[in-house]
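In what follows, chains carry the letters A, B, and so on, assigned in the order in which the sequence lines appear, proteins first and then strands, with residues in each chain numbered from 1. What you see is a predicted model; the values in this text were computed from it and never measured. Side chains are part of it too, since the values below use all heavy atoms of this structure and drop only hydrogens, waters and symmetry mates.
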There are 2 protein chains.
Amino acid sequence: MAGRRICIVGGVAGGASCAARARRMDEQAEIIIFEKGPFVSFANCGLPYYVGDVIRREEHLLVATPEMFQQRFRIEVRLHSEVVRIDRNRRRLLVRDHQAGRDYEEAYDALVLSPGAAAVKPPISGLDSEGVFFVRTIPDSREIRRMIEERHAQSAVVIGGGYIGLEMTENLVRRGLQVTLVEMQDQVMPMCDPEMVWPLQETLRDKGTTLRLKTQVKAVERNADEALTVRLHSGESLTANLVIVAVGVRPEVQLARDAGLALGPLGGIRVNERMQTSDPFIWAVGDAVEVSHVITGLETLLPLAGPANRQGRLAADAICGRDVRFRGVQGTAVVGLFDQVLAMTGPSERVLKSLGLWNGPLDCEKIYLHPGHHASYYPGAETLAMKLIFSKRDGKILGLQVVGKKGAVRRTDVIAMAMQKGGTVFDLEEAELCYAPQFGSAKDPVNLAGMIAANVVRGDVEVVHAESMDRPPEDVLILDVREPFEYRRGHIAGAVHIPLGALRQRMAELPKDREIWVYCYVGQRSYLAARALRQYGYRAKNLSGGYRTYTMWRQAAQGADNAL
Amino acid sequence: MAGRRICIVGGVAGGASCAARARRMDEQAEIIIFEKGPFVSFANCGLPYYVGDVIRREEHLLVATPEMFQQRFRIEVRLHSEVVRIDRNRRRLLVRDHQAGRDYEEAYDALVLSPGAAAVKPPISGLDSEGVFFVRTIPDSREIRRMIEERHAQSAVVIGGGYIGLEMTENLVRRGLQVTLVEMQDQVMPMCDPEMVWPLQETLRDKGTTLRLKTQVKAVERNADEALTVRLHSGESLTANLVIVAVGVRPEVQLARDAGLALGPLGGIRVNERMQTSDPFIWAVGDAVEVSHVITGLETLLPLAGPANRQGRLAADAICGRDVRFRGVQGTAVVGLFDQVLAMTGPSERVLKSLGLWNGPLDCEKIYLHPGHHASYYPGAETLAMKLIFSKRDGKILGLQVVGKKGAVRRTDVIAMAMQKGGTVFDLEEAELCYAPQFGSAKDPVNLAGMIAANVVRGDVEVVHAESMDRPPEDVLILDVREPFEYRRGHIAGAVHIPLGALRQRMAELPKDREIWVYCYVGQRSYLAARALRQYGYRAKNLSGGYRTYTMWRQAAQGADNAL
């Protein structure tokens with residue numbers, strides 16, 4: 001009883017998920033995975049940690065083997081097998097068997113493309129030199145390990161400050177290398193906002209790495225002594241034993257393009273909600289496809305494992321006749337860097353502004369807060385920095401970034417779920433979350449974020465932001481309501497100082513005809529002050545996130561300037 | 001400019017939140033907190049950890065002081081001030097000043113009752129003996145510390161296996177005491193299901209404590225040598241230096257009842273959605289009130305700090321004329337016990353069954369899973385045990401229990417948020433959560449729970465449960481699809497053994513006219529087997545959670561029996 005033949009190009013994440021799901025849905029189907037590499041379904045997110053010897057054995061990265069696919073799922077995996085052409089009319093693939101050194105044809109009833117993404121090769125000469133690596137495969141990582149263990153590499157230049165660049169930096173430092181991280185933009189993690197990544201940049205410096213922002217590499221040259229010289233556009237040069245290139249990935253669309261499948265505006269494979277390409281017999285999933293962003297409504301590329309797995313599973317359902325729709329992506333992600341964790345969901349302020357959406361229909365506002373990750377009275381509470389972006393109109397949650405040593409992922413996941421369900425800041429205010437003193441607070445950071453944002457949406461308080469504090473309009477009075485010892489340690493230029501405890505007595509000192517921008521350390525006391533002032537007829541606004549956010553913003557701005 | 005006078009009875013959690021919010025809403029109001037104890041707003045959830053010397057200094061428990069309330073909020077706190085009567089007609093309170101030893105009257109425009117809950121005093125004689133403690137106040141905890149530090153208490157009997165009982169057990173063990181935990185019911189944490197608390201019971205035994213389930217205490221007697229004899233109903237007796245009584249709390253309603261305010265069916269103060277009592281000038285919040293449970297739709301008592309804080313804040317808004325509604329509670333909670341964490345949201349199976357809701361309109365089903373708390377290929381993954389309860393009809397999420405060393409709180413909080421938004425198991429399937437190998441999995445435990453449950457709701461697989469496996473109907477065949485080494489280590493009585501890898505070849509050995517209950521270790525391979533079998537015309541069902549859940553269930557059942 002022969003069933004349909006489902007061919008899948010690419011065996012990692014989306015492809016593997018699709019194959020396994022297809023078998024569960026259709027016991028009769030013939031399912032073949034073509035994987036051009038030597039492994040199927042390996043844990044590519046683990047590669048930096050394998051370099052860092054956190055993951056000690058290469059086998060641990062092999063999530064599944066061809067034997068396992070055969071045994072459990074009756075799925076045939078063909079390794080070293082590159083699909084080089086799709087004949088859509090005849091529904092046939094031309095497959096190149098790199099081991100046997102021959103090409104052959106294979107027919108399909110349904111075809112799933114899961115080719116993934118390729119490392120972007122930046123316009124830098126000498127990237128094919130020995131000692132230069134793109135960390136995309138197990139052999140890449142194996143070779144870097146060998147450079148460290150056998151050839152005693154002492155230093156590295158990492159080009160690119162995104163996920164992989166940061167993770168590689170951490171793991172090379174863990175291996176004792178002196179690392180210079182070079183990033184073209186004015187911040188690491190450019191999908192996030194600069195003030196929110198500043199703690200990561202600070203951590204890089206604390207760990208002894210050199211961070212070079214706004215820096216472009218021109219060339220890599222291998223010297224006679226086997227060291228590499230990294231030449232910068234500025235004319236300077238850096239020397240290292242290893243160079244890691246991690247400037248992002250681009251969808252692998254050659255096969256799809258050659259087959260005449262429609263591509264999207266960002267160069268990924270275009271698919272509908274069923275992950276179907278412009279050819280009804282061909283589906284595509286994973287890093288190679290463009291998907292819809294649930295917040296911006298725009299097409300986006302989001303090369304992450306979670307969505308790839310979901311898409312693979314969904315494509316299998318679609319092929320097997322189920323009425324399924326991919327709900328789109330929201331960009332939930334996390335990166336760990338030494339003891340810091342930066343987690344996010346939804347677009348950043350920077351992205352929303354660059355898309356023209358900040359002041360547009362979304363009517364964005366933001367608030368900052370700095371809560372402890374659990375009750376302050378229980379030892380070991382770490383401070384989180386949170387930035388919540390929401391619609392001022394209806395309170396709809398649009399984005400979140402959280403950075404800190406503990407608890408960032410949990411709050412991001414909760415708010416990601418709220419966003420998935422179309423939640424508002426009022427929902428966060430009302431959330432009923434786990435509390436015991438070692439695990440959280442009676443008012444969890446999620447609740448606090450909701451309360452602070454809800455106060456803004458309801459009009460109970462108006463907020464101003466750090467970036468306005470150094471150049472306020474002339475008639476604005478800046479008011480610091482912290483304690484004297486805090487004020488003495490540092491304050492915003494020109495601020496009048498009245499501690500909160502004395503504010504009600506000394507209110508008459510303040511002008512009613514000027515706007516008053518109040519701040520404290522994190523924005524809580526100044527919120528109390530602003531509420532009181534407003535009720536007495538003062539035009540008070542609150543600096544969201546207080547002096548602490550101001551410091552983050554300022555350091556980020558200065559750090560970027562210094563990098564020039 | 002005198003405003004209304006808002007009087008608040010009780011300064012902890014709900015009362016303190018209410019007072020602070022009232023000030024922010026109304027600068028003119030006169031706000032007075034009457035607190036019969038010596039402290040305002042202390043961290044009562046921290047008391048066990050203060051006993052355990054995790055929290056080292058008593059001051060750390062004092063979240064706020066009367067001075068702080070005065071300075072920041074212009075709120076007057078009157079300590080040692082017990083409100084002993086409410087004259088609702090004249091809107092006046094009779095206040096007893098325990099320090100000055102006098103009674104006086106105070107008028108109110110709005111009154112908020114936040115009296116909290118009192119420890120239940122079980123019918124045990126001798127509970128007023130020296131050395132017997134109810135852990136409700138700072139002085140209680142201080143005295144227990146003194147017993148340990150100065151009088152070198154060596155042993156304790158803890159009566160009651162709920163939150164406080166478990167936390168006290170952990171902290172007394174931490175202090176080097178030999179602890180016997182006595183629980184009347186057949187499990188600790190009776191708000192959870194027995195199989196889900198079994199890991200906690202196992203941990204108690206591992207840590208050298210003695211757990212006595214189904215055991216009732218009759219009397220506590222203090223002997224000449226200052227030791228306490230705890231006499232059990234069984235006739236046995238235990239000896240200890242300390243006895244902790246933690247058999248739960250009951251709403252403190254004396255004042256409300258005396259004032260003729262309506263009480264609810266469970267004996268708490270009845271309030272409407274605005275936290276207003278039957279008297280329109282009196283509101284009530286916190287542990288003393290009955291609130292609506294969002295899942296069961298029934299009135300419930302939920303003496304937890306998070307809801308109390310939300311209610312206090314909301315009552316202040318209501319008093320200040322805002323149109324607000326309390327959305328009810330869902331029972332999100334967590335308890336830590338040594339390295340184990342048990343978190344939950346929504347009612348348990350036991351509660352749903354006892355309320356007659358399991359097979360009723362909610363049409364409940366449950367699934368179990370045992371995912372790693374992060375990617376298995378990254379070192380240090382800890383296994384979680386999860387139980388998700390949902391409606392078979394529409395997939396609505398009804399409840400969750402998670403137990404494990406790491407990651408339980410995060411998944412509970414995410415699912416709590418999904419439930420708050422009326423989410424379904426399909427939403428969990430599609431959730432986009434943080435993933436990097438040290439923080440999660442590409443298919444997070446939340447996704448997996450959603451996928452497994454969605455398979456059931458969609459009818460792709462039927463599940464059977466551990467409690468049916470020991471007494472299956474006669475015509476059922478039990479099929480173990482694990483590897484031979486797993487089967488040899490232990491299996492369900494009478495199971496036929498065909499490893500998954502051989503199943504397709506050996507399928508003919510199986511009968512088509514009998515129901516086949518398939519199991520593996522955690523339920524994943526058996527799900528694959530069940531899917532294949534069904535497609536070949538077999539009547540296969542999957543044991544949810546596999547042999548691992550079966551073991552938990554069986555141990556829990558045996559543990560309870562042995563305790564007889």
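- Contacts between A:F73 and chain B at a heavy-atom distance below 4.5 Å involve backbone atoms as well as side-chain atoms.
- In this structure, no portion of A:M419 lies under 4.5 Å from any heavy atom of chain B.
- There is no contact between A:L47 and chain B, counting heavy-atom distances below 4.5 Å.
- Neither the backbone nor the side chain of B:N447 comes within contact range of chain A; no heavy atoms are under 4.5 Å apart.
- Only the side chain of A:R310 comes within less than 4.5 Å of a heavy atom in chain B; its backbone stays farther off.
- Using a 4.5 Å cut-off between heavy atoms, B:R411 makes no contact with chain A at all.
- Contact annotation for B:R525: only side-chain heavy atoms (C-beta onward) come within less than 4.5 Å of a heavy atom of chain A.
- B:Y378 touches chain A through backbone and side chain together, each having a heavy atom under 4.5 Å away.
- In this structure, OH on A:Y377 lies 14.0 Å from OH on B:Y50, to the nearest 0.5 angstrom.
- Counting all heavy atoms, side chain and backbone alike, B:A343 lies closest to A:C434 at CB-SG, 3.9 Å.
- Only the backbone of A:V335 comes within less than 4.5 Å of a heavy atom of chain B; no side-chain atom from C-beta onward does.
- Residues A:V329 and B:E432 come closest through the heavy atom pair CA-OE1, 3.2 Å.
- In this structure, no portion of A:R56 lies under 4.5 Å from any heavy atom of chain B.
- For chain A, the nearby part of B:R313 is the side chain; its heavy atoms alone come within less than 4.5 Å.
- Between A:D460 and B:R322 there is a salt bridge, since at least one side-chain N of the basic residue sits less than 4.0 Å from a carboxylate O of the acidic one.
- Of the residues listed (A:R504, A:R534, A:R531), the one engaging B:E27 in a salt bridge (charged side-chain N to carboxylate O under 4.0 Å, His left out) is A:R504, and it is the only one.
- One distance of note links CD of B:Q438 with CD of A:E167; it measures 6.5 Å at 0.5 Å rounding.
- Contact of B:A532 with chain A is made through backbone and side chain together, with heavy-atom distances under 4.5 Å.
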